[in-house]
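It should be emphasised that the depicted structure is a prediction, and the values quoted were computed from it without experimental measurement.
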Amino acid sequence: MIRDAKLVRRAFFNRDPRLVACELLGKVVLRKEGRKMLAGRIVEVEAYLGADDLAAHAAAGHTARNAVIFGPPGHAYVYFIYGVHYCLNISCLPKGDAGCVLIRALEPVSGLREMAEARGFADLDLAAAGNLRKIASGPGKLCAALGITRPRDNGKDMVSPRSDLQVRDDGFCIEQIAVTPRIGITKSADLPLRFVIANSHFVSR
DNA sequence: TTATAGATTGCCT
DNA sequence: GGCAATCTATAAT
């Protein structure tokens, strides 16, 4: 059961975003919706660094919008993109140092019905081949599936037992990681900072 | 004050 | 494959 998975410690996020990104693969993002537990296993992430990384929001310096990634580790940085979608990041490194990991795709684990409905699939056949992939195979999709928004979740501590948005470790071991350039960016586009679980059926694209 | 690009998605041809 | 949707930050009038 997902409720038995242990909360990830803050020290886990108090490290280089590239290392955190790699090790986040296989962990679980948990959303508590009242009595319901919505959860998905992380299968795709991207690391965003500090001032040297022109693709990172942190490169613009400290602003009201990106303040969370300059703050303490283990907190949710949620931003609104293209006037349409939210994206979920988790802050890394100590307070004062910028860095985060973008969660790009989840394998649905718990609360599948609720997540499908949140995505607008009222009667999705959860048993049909390929349908589970529609729920959270992209950064905007997974936020919609878990009900993540900036007003509700930005700055939220994801390693607090009282938080309704957490990162947990259920002991799942991944076999192999694939590394590629990040998706959808134009600056620093060649850096190999995207990490996926090799052969996962639940990644974006 | 106005313009433009952006860590995306889904619908159109 | 093309493109609209439409918020935010930054650059250009």
Side-chain angles (χ1 to χ4, degrees), chain A residues 13 16-22 24-25 29 40 42-71 73 75-93 97-108 115-124 128 130-156 158 165 167 178-197 201-205:
Chain A
F13 292 101
D16 187 294
R18 286 163 285 208
L19 193 54
V20 175
C22 276
L24 267 179
L25 292 175
V29 175
I42 298 171
V43 298
E44 175 180 353
V45 294
E46 287 176 1
Y48 285 87
L49 316 179
D52 298 337
D53 182 0
L54 297 182
H57 290 175
H62 191 297
T63 67
R65 178 205 195 195
N66 67 17
V68 174
I69 50 184
F70 290 85
H75 290 252
Y77 168 48
V78 182
Y79 65 91
F80 201 37
I81 189 67
Y82 297 117
V84 184
H85 303 290
Y86 291 99
C87 293
L88 171 67
N89 302 252
I90 307 176
S91 61
C92 299
L93 298 171
D97 290 343
C100 63
V101 173
L102 169 68
I103 311 300
R104 283 194 57 91
L106 301 176
E107 172 184 350
M115 288 194 282
E117 286 174 5
R119 287 270 293 118
F121 301 127
D123 296 300
L124 190 69
N131 272 359
L132 281 189
R133 205 193 90 91
K134 296 177 181 175
I135 294 176
S137 58
K141 296 179 187 179
L142 71 90
C143 283
L146 295 178
I148 294 171
T149 69
R150 179 171 171 93
R152 180 179 178 187
D153 298 302
N154 189 56
K156 195 166 279 183
M158 294 188 69
L165 192 60
V167 184
V179 184
T180 77
R182 294 174 291 187
I183 289 179
I185 59 173
T186 53
K187 298 172 230 170
S188 302
D190 298 332
L191 301 179
L193 294 178
R194 172 174 176 260
F195 306 90
V196 302
I197 295 182
H201 296 145
F202 299 94
V203 301
S204 65
R205 291 277 170 109

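When each of A/Gly140 and A/Lys187 is assigned the nucleotide of DNA chain B bearing its nearest heavy atom, the one mapping closer to the 5' terminus is A/Lys187. With the nearest nucleotide of DNA chain C identified for both A/Arg150 and A/Gly83, A/Gly83 has the one nearer the 5' end.
For the C1' atoms, the distance linking C/dA4 with B/dT4 amounts to 16 Å, nearest Å.
A donor-acceptor pair is defined here as one N or O able to donate and one able to accept, closer than 3.5 Å; such a pair exists between the side chain of A/His75 and the backbone of A/Gly155.
Taking atom OH on A/Tyr86 and atom C1' on C/dT8, their separation rounds to 11 Å, with Å as the unit. Atom CD1 of A/Ile183 is separated from atom P of B/dG6 by 16 Å (rounded to the nearest Å). Summarising the geometry, the separation between CG on A/Asn66 and C1' on C/dT8 is reported as 12 Å, rounded to the nearest angstrom. To the nearest angstrom, C1' of B/dT9 lies 12 Å from CZ of A/Arg133. Rounded to an integer number of Å, the gap from NZ of A/Lys134 to P of B/dC11 is 11 Å. Regarding A/Leu54, its CG atom lies at a distance of 16 Å from the C1' atom of C/dA9, rounded to whole Å. Regarding A/Arg205, its CZ atom lies at a distance of 8 Å from the P atom of B/dT8, rounded to whole Å. Atom CD1 of A/Ile135 is separated from atom P of B/dT8 by 21 Å (rounded to the nearest Å).
Side-chain rings of A/His57 and A/Tyr79 approach one another, their centers coming within less than 6.0 Å.
Nucleic acid contact class of A/Phe80 (heavy atoms, under 4.0 Å, all strands): sugar-phosphate only. Nucleic acid contact for A/Ser204: none, since no nucleic acid atom lies under 4.0 Å from a heavy atom of the residue. Within the nucleic acid shown, A/Arg119 comes within 4.0 Å of sugar-phosphate atoms alone, with no base atom in reach, counting heavy atoms only.
Between A/Val179 and A/Pro192 the shortest heavy-atom distance is CG1-O, 3.5 Å. The two residues A/Arg133 and A/Val203 have their closest heavy-atom pair at NH1-O, 2.5 Å.
Regarding contacts with the backbone of B/dT8, a side-chain N or O of A/Arg104 is found under 4.0 angstrom from either OP1 or OP2. Put simply, A/Lys141 has a side-chain N or O that comes within less than 4.0 Å of OP1 or OP2 on B/dG10. Proximity of A/Thr186 to the phosphate of B/dG6: a side-chain N or O atom is located under 4.0 Å from OP1 or OP2. OP1 and OP2 of C/dC7 both lie 4.0 Å or more from every side-chain N or O belonging to A/Arg65.
When the nucleotides C/dT10, C/dA5, B/dT9 are ranked by their closest atom to the side chain of A/His85, B/dT9 comes out on top. Closest contact between the side chain of A/Val84 and the listed nucleotides C/dC7, C/dT10, C/dA5 involves C/dA5. For A/Leu102, taking side-chain heavy atoms from C-beta onward, the closest of the listed nucleotides C/dT10, B/dT8, B/dA7 is B/dA7. Candidate nucleotides B/dA7, B/dG10, C/dA5 were compared by shortest atom distance to the side chain of A/Tyr48, and B/dA7 ranks first.
The aromatic rings of A/His62 and A/Phe70 lie tilted to each other, with the angle between the two planes from 30° to 60°.
In this structure B/dT9 sits in a base pair with C/dA4, meeting the Watson-Crick or G-U test at under 3.5 Å.
Put simply, the side chain of A/His57 and the base of B/dA7 share a donor and an acceptor less than 3.5 Å apart.
In summary, A/Glu46 and A/Arg182 do not engage in a salt bridge, as defined by a charged side-chain N under 4.0 Å from a carboxylate O.
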